[in-house]
Amino acid sequence: MQRLRAIGLMAITAGTVICGSVALGQPGQASRPPLLFKEEWRLPKHEGAATDENTRFKPEVVTNERIEAKVYGPDAVVVRAAEHEGRIDLWNGLAASPVAVTLRDKRNYVDLTGLARLRWIVRTNAIHTLYPVVRAADGTLLVGDRAVTTNGEFVQVEIAFAGMRWYKLDPQKLVVMPEVKNPDLSKVDEVGLVSLQPGGGHGIAGSFNLSTVELYAKTVAR
């Protein structure tokens, strides 16, 4: 079983990957928002062995009563929960389409401007790539151009939302559409990650695993 290989934290900011500990705010600088929510996932209720079919994504995989998780994509129905390194994660390996996974605070919109951060323990296999995705307050799905790939290792990544280029994303097909200039990230309904590639099946093939996730952001009342 592999161990999480992140020395302190892998921070993805402004297109640059920085390994190390999170820098503390300096006097006079704005402070990072507090932890808004954390999700560690769990296996859905099932009988017998934890097969691909009986551990498929259901709302009950969410452990935090404050949030709900959603999946997008023509074949997102086959996303399943699995256990690796003592944690539960969501796996897209059997999906024959792109897949997005998002989280939604039931009581509030979230403000992703400034120093808001998304931290997620993820693994990508076989040059599979993840990108930030948000659902704006008006329902528009947007994908950012900041790529995440971990070369087959579980790594904690930190994503800053400033400085990205954003594109409209078709919510049914997950096809990238024209660029959206200066989208309003101060009032976001859902936030997550998307793969624009289909899964490659079991074994060392193209896929992602999405494990423990934390969101550091301010809230905006619904």
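All values derive from a computational prediction rather than experimental measurement.
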Checklist entry - So, S211 versus R87: side-chain donor-acceptor pair below 3.5 Å or not? => result yes
Next on the checklist: For a 4.5 angstrom cut-off between non-hydrogen side-chain atoms, does F57 reach L90?
Outcome noted: yes
Checklist entry - V194 versus L174: any side-chain heavy-atom pair under 4.5 Å? => result yes
Next on the checklist: Within the 4.5 Å heavy-atom criterion, are R165 and E179 side-chain neighbours or not?
Outcome noted: yes
Next on the checklist: Which heavy atom of V99 sits nearest to which heavy atom of A76, and what is that distance?
Outcome noted: CG2-CA, 4.2 Å
Next on the checklist: When you measure from the centre of the six-membered ring of Y216, is the NZ or CZ of R119 closer than 6.0 Å and no more than 45° off the axis?
Outcome noted: yes
Checklist outcome for this item: For A126 and A205, the nearest pair of non-hydrogen atoms, with its separation, is CB-C, 3.6 Å
Item to check | Geometric class of the F154/H84 ring pair [parallel <30°, tilted 30-60°, perpendicular >60°] | outcome: tilted
Next on the checklist: Ignoring hydrogens, what is the shortest heavy-atom contact between F208 and N92? Give both atom names and the distance.
Outcome noted: N-OD1, 2.6 Å
Item to check | From CD (E83) to CG (D89), nearest 0.5 Å | outcome: 9.0 Å
Next on the checklist: Is there a salt bridge (charged side-chain N to carboxylate O under 4.0 Å, His left out) between R104 and D189? Walk through the geometry before answering.
Outcome noted: CA-CA 6 Å; R104 177 179 184 269; D189 189 28; 3.0 Å; yes
Next on the checklist: Can you list everything that forms a side-chain contact (heavy atoms from CB on, under 4.5 Å) with V176? Sequence neighbours excluded, please.
Outcome noted: V143, Y167, L169, L196
Checklist entry - L185 versus D111: any side-chain heavy-atom pair under 4.5 Å? => result no
Checklist outcome for this item: Here the gap from T149 atom OG1 to L130 atom CG, rounded to the nearest 0.5 Å, amounts to 8.0 Å
Checklist entry - For residues R42 and T63, is any side-chain donor paired with an opposing acceptor at under 3.5 Å? => result no
Item to check | Any side-chain heavy-atom pair of I67 and V62 under 4.5 Å | outcome: yes
Next on the checklist: With side-chain contact (heavy atoms from CB on, under 4.5 Å) as the criterion, how do D105 and L36 come out once you've worked through the C-alpha distance, each side chain's angles and the decisive distance to 0.1 Å?
Outcome noted: CA-CA 9 Å; D105 188 306; L36 180 58; 4.0 Å; yes
Item to check | Any donor-acceptor pair under 3.5 Å from T140 side chain to A136 backbone | outcome: no
Checklist outcome for this item: What one should report as the nearest heavy-atom pair of L193 and W120 is CD1-CE3, 3.5 Å
Checklist entry - Is there side-chain contact between Q172 and P74, with heavy atoms separated by less than 4.5 Å? => result no
Checklist entry - Think R222 forms a cation-pi with Y109, using NZ or CZ under 6.0 Å from the six-ring centre and within 45 degrees of its axis? => result yes
Checklist entry - So V148 and V122, side-chain contact (heavy atoms from CB on, under 4.5 Å) or not? Walk me through it. => result CA-CA 9 Å; V148 176; V122 305; 4.1 Å; yes
Next on the checklist: If I compare all heavy atoms of L141 with all of P171, which pair ends up nearest, and what's the gap?
Outcome noted: CD2-CA, 3.9 Å
Item to check | Heavy-atom side-chain proximity of V133 to Y72 below 4.5 angstrom | outcome: no
Checklist entry - Would E190 and K70 count as a salt bridge (charged side-chain N to carboxylate O under 4.0 Å, His left out) if you check the C-alpha gap in whole Å, the side-chain angles of each, and the deciding distance to 0.1 Å? => result CA-CA 9 Å; E190 302 170 24; K70 296 184 178 183; 3.1 Å; yes
Item to check | Considering all heavy atoms, the nearest A81-I88 contact | outcome: CB-CG2, 4.1 Å
Item to check | Straight-line distance of E65 CD to K106 NZ, nearest 0.5 Å | outcome: 7.0 Å
Item to check | From N64, L215, T212, residue fulfilling side-chain contact (heavy atoms from CB on, under 4.5 Å) relative to E39 | outcome: N64
